[in-house]
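Here is the structure we will look at, set down as structure tokens.
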Amino acid sequence: MSQPNKERKRKMDALISGDNSKAHTSQESCCSSAKTPCMVQGSASGDSQGNMCHEFVTVLRDIENEGSQAVIHTHACDLDDVWSHKYPLPLSKYPPKTIKTGNKYYDVIIPDLPQIGYKPLQVIAKGRSGTVLLAQDLHPGIDMREAECQPVAIKLQSGKKRKQTTPTGEDSQRKEAVSDEILIHQRLHHEHIVALINTICYQGRTGLVMEFCESGNLETLLRAHDARFVSESNARKYLRQLHSALEYMHLSGVAHRDICPQNILITNDNTVKIGDFSHAVNFSPGDHLCTDIVGTVGYQAPEMLLKQQYHPRQTDMWSLGAVLFTMVIGRLPYGRIKTEDEARSLKPLVFPPPSVLILSSQVKELLIGMLAYVPSSRYTLNRVKNSEWFNMASDRVQIGSFYLVRQPQKVCDGEREREVKAEYEI
């Protein structure tokens, strides 16, 4: 900082902390009930009581005395600037509205969901396999904080059947896609797999009640960055978590077949979890290979697009490699390949020049192995786990989903603040 700027800052600090006797005031009040504003004006971090000052609010609660009132300490300065902050509403305060999924069968039963313990709040995602709703759990015995602050996600299936639901080819044992997804998801319990809480069966329709990941998905996180990629240290953290989940699935006899950023959910503590098992299959060594084309364009292995029989675990490795490539470079490795001709004519992997993006040689080696064109040459989970890049230590700060946090935004400067800035040419 230059000397004039330092002098301006020193004078301004002195003015605010010394000359202005009202610069730091405090007041205490008791809060007997939770406030539920959707938009708060006049405060960077709490509620304003009318003077529209810049306030810092600390809420203290006696944790040893359950049911005691919270004491709110408010510290305000007289610069009169105006701030706004969006706070999540308690779930019971969501405004009532008609929810439409586009599926006439589910649109009929959605108004009845509170009867079976779930209050639908809004649609949060739509896809080929169904619609996901944000909902409040109304079952008796749910803790108050969970009932008001921890929603669940309800996936209502599209009802479409798979062309091939199991890799065995035994038509007599085929089940509907809905049942396959539920049966597979019920078996999986891992810290990096979205938890299945309950299933809904109502008027012949079924749905999945799952944990809600507050920070959206990996695609949302990448779009929050202007460059559409994250640092190698962040990508390494996410890959380790995804590897752990995929290794657990494969050892449990399950192949996912749709690993992509949209199906990788992120929690508020910057943890990633794999979700959406609508294309998952039971697969163990010795089972018949798969032939159906599933998954997300750009993340499908070439052997799948070539309509060859394929090993679903090997296609999962390709998809995981494509996700890693997208995380560290910001684009798909080969674009949105859709046809047999495009899959057949893939060229060796090309990385951005160092003048555009500097990548470590270790991550390049790992990506080349995971995205090998020949399935038998592709890196396995064990090979990835023992790669040099995967085991590199990093002392860099991992910000991750911090970018998705809604920060307070200043609406306008107060009159006093404008005067101070004008006086010191700030």
Side-chain angles (χ1 to χ4, degrees), residues 216-243 246 259-264 266 270 272 295-306 314-381 383-404:
N217 56 38
L218 183 59
E219 182 182 43
T220 305
L221 175 62
L222 295 176
R223 288 182 180 276
H225 296 66
D226 291 336
R228 299 292 192 265
F229 64 85
V230 296
S231 66
E232 287 191 28
S233 59
N234 269 354
R236 184 181 299 109
K237 172 182 176 177
Y238 294 150
L239 182 68
R240 286 171 177 167
Q241 296 176 355
L242 296 172
H243 180 282
L246 196 58
I259 302 292
C260 64
Q262 297 94 319
N263 293 335
I264 297 171
I266 305 179
N270 202 24
V272 295
T296 301
V297 174
Y299 298 91
Q300 297 163 309
E303 62 268 24
M304 182 187 292
L305 295 174
L306 291 171
Q314 292 173 342
T315 61
D316 277 352
M317 292 308 301
W318 171 280
S319 300
L320 187 62
V323 168
L324 177 59
F325 191 98
T326 304
M327 283 196 291
V328 298
I329 296 177
R331 61 173 172 83
L332 288 163
Y334 293 105
R336 296 174 61 84
I337 51 175
K338 299 179 182 180
T339 65
E340 291 184 54
D341 291 338
E342 290 175 328
R344 190 175 288 109
S345 59
L346 291 185
K347 298 178 180 179
L349 204 58
V350 176
F351 298 99
S355 59
V356 176
L357 180 64
I358 298 176
L359 295 172
S360 65
S361 59
Q362 293 88 348
V363 75
K364 291 181 181 179
E365 178 187 358
L366 179 58
L367 286 168
I368 291 172
M370 297 179 73
L371 294 168
Y373 186 86
V374 179
S376 59
S377 301
R378 199 169 296 153
Y379 275 15
T380 62
L381 283 168
R383 180 68 181 85
V384 171
K385 191 175 185 177
N386 289 283
S387 66
E388 185 177 356
W389 186 83
F390 190 91
N391 290 286
M392 289 174 66
S394 176
D395 55 0
R396 294 184 179 183
V397 176
Q398 297 177 345
I399 296 178
S401 60
F402 168 80
Y403 285 96
L404 300 180

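To the nearest 0.5 angstrom, I329 atom CD1 is 7.0 Å from L349 atom CG. Going from atom OG of S360 over to atom CD of E388 covers 8.5 Å, rounded to the nearest 0.5 Å. Annotation: the span from E342 atom CD to R336 atom CZ amounts to 10.5 Å, rounded to 0.5 Å. Distance check, rounded to the nearest 0.5 Å: OG1 of T315 to CD1 of I259 gives 9.5 Å. A distance of 8.5 Å separates CG of L346 from CG of L305, quoted to the nearest 0.5 Å. Atom CG of residue L381 and atom CE of residue M317 lie 4.5 Å apart, to the nearest 0.5 angstrom.
When all heavy atoms are compared, the tightest approach of G298 to A322 is O-CB, 4.2 Å. Of all the heavy atoms in E232 and V363, the pair that sits closest is OE2-CG1, 3.7 Å. The heavy-atom pair separating V230 from A235 by the smallest distance is CG2-N, 3.9 Å.
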Quick one: do T220 and N217 satisfy side chain to side chain donor-acceptor pair (under 3.5 Å)? Show the steps, please. CA-CA 5 Å; T220 305; N217 56 38; 2.8 Å; yes
| said: Let's go through Y299 and F325 carefully: what are the C-alpha distance in whole Å and the side-chain angles of both, what is the deciding distance for side-chain contact (heavy atoms from CB on, under 4.5 Å) to 0.1 Å, and is it a yes or a no? | reply: CA-CA 11 Å; Y299 298 91; F325 191 98; over 6 Å; no
Next item on the list: Given side-chain contact (heavy atoms from CB on, under 4.5 Å), test E303 with R378 step by step and report yes or no.
Entry: CA-CA 12 Å; E303 62 268 24; R378 199 169 296 153; 2.9 Å; yes
Does the side-chain contact (heavy atoms from CB on, under 4.5 Å) test come out yes or no for V323 and L239, once each step is laid out? CA-CA 9 Å; V323 168; L239 182 68; over 6 Å; no
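Within a 6.0 Å radius of CZ in R223, other residues, nucleotides and ligands contribute 12 heavy atoms or fewer.
Scanning for salt bridge (Lys or Arg N to Asp or Glu O under 4.0 Å) contacts around R344 gives E340, D341, with sequence neighbours left out.
No side-chain donor-acceptor contact under 3.5 Å links R228 to the backbone of R331. Side chain of Q241 to main chain of V272: a donor-acceptor pair is present (N/O by atom type, distance under 3.5 Å, no hydrogens or angles).
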Let me have the donor-acceptor pairs involving side chains of residues 364-377, under 3.5 Å, with sequence neighbours excluded, atom names and distances please.
unit_1, atom_1, unit_2, atom_2, d
Y373, OH, A343, O, 3.1

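Just one of F390, Y379, Y238 meets the ring pair (Phe, Tyr, Trp, His ring centres under 6.0 Å) condition when paired with H243; it is F390.
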